[in-house]
Amino acid sequence: MPGPNFSFASYVGTLAMREHGLGGQLLGALVGAVGIFMPGTLLIFFLIRFWDQLKQYRIVKASLEGINAVSAGLVVAATFLLYHPLPDTPINLALVAATFLLLLWEKVPSYVMVLAALLAGAVLA
């Protein structure tokens with residue numbers, strides 16, 4: 001499975017069918033995987049042909065702007081929810097601010113950020 005969301009969908013499908021034995025669990029995992037892959041697959045194979053025509057409609061443009069705003073809001077909410085359990089020490093605040101400014105002004109690959117966070121966690125722990 002490519003990525004945590006897809007793996008989690010398969011896992012939840014397996015858990016939902018755990019009372020039906022191994023065959024039921026495999027079926028649940030398959031249904032979970034297909035269920036999470038299906039919307040994107042349908043969009044890619046069927047909607048992409050009409051996408052340029054659809055973007056010309058005012059309601060579609062407005063919907064896309066709203067979706068963009070909501071996704072930005074969800075990212076901000078996730079940031080606060082993930083930071084909330086941390087104590088408000090100067091080092092934590094400095095790390096959050098430095099990460100934000102680095103991502104704002106520089107094009108840093110995500111793997112570099114993850115490795116830097118792991119290193120900082122190992123050094124500060």
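Values below: all heavy atoms of this structure, side chains included; hydrogens, waters and symmetry mates excluded.
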Joint hydrophobic cluster, Leu115 plus Leu103, side-chain heavy atoms closer than 4.5 Å:
yes
Separation of Ile48 CD1 from Leu42 CG (nearest 0.5 Å):
13.0 Å
Tell me every residue that passes side-chain contact (heavy atoms from CB on, under 4.5 Å) with Leu22, counting only those two or more places apart in sequence or in another chain.
Gln25, Leu26
CD1 (Ile59) with more than 12 external heavy atoms under 6.0 Å
no
State which residues pass side-chain contact (heavy atoms from CB on, under 4.5 Å) with Leu30; sequence neighbours excluded, sorted by chain then number.
Val34
Which pairs of donor and acceptor atoms, one on a side chain in residues 80-102, lie under 3.5 Å apart (sequence neighbours left out)?
residue : atom : partner : partner atom : Å
Tyr83   : OH   : Asp88   : OD1          : 3.1
Thr89   : OG1  : Asn92   : N            : 3.4
Thr89   : OG1  : Asn92   : ND2          : 3.3
Asn92   : ND2  : Pro87   : O            : 2.9
Thr99   : OG1  : Leu95   : O            : 2.7

In this structure, would Leu64 and Leu47 fall into the same cluster of hydrophobic residues linked by side-chain contacts under 4.5 Å?
yes
Give the minimum heavy-atom separation between Ala33 and Ser10, together with the two atoms involved.
CB-OG, 3.5 Å
Please, which pairs that meet side chain to side chain donor-acceptor pair (under 3.5 Å) have at least one residue in residues 62-72, sequence neighbours excluded?
none
Under a 4.5 Å side-chain heavy-atom rule over Ile, Leu, Val, Met, Phe, Trp and Tyr, are Met38 and Phe46 clustered together?
yes
Leu74: hydrophobic cluster co-members (side-chain, 4.5 Å):
Val70
Identify the heavy atoms of Val60 and Leu54 that sit nearest to each other, and give their distance.
CB-O, 3.3 Å
Contact list for residues 53-62, test side chain to side chain donor-acceptor pair (under 3.5 Å), sequence neighbours left out
none
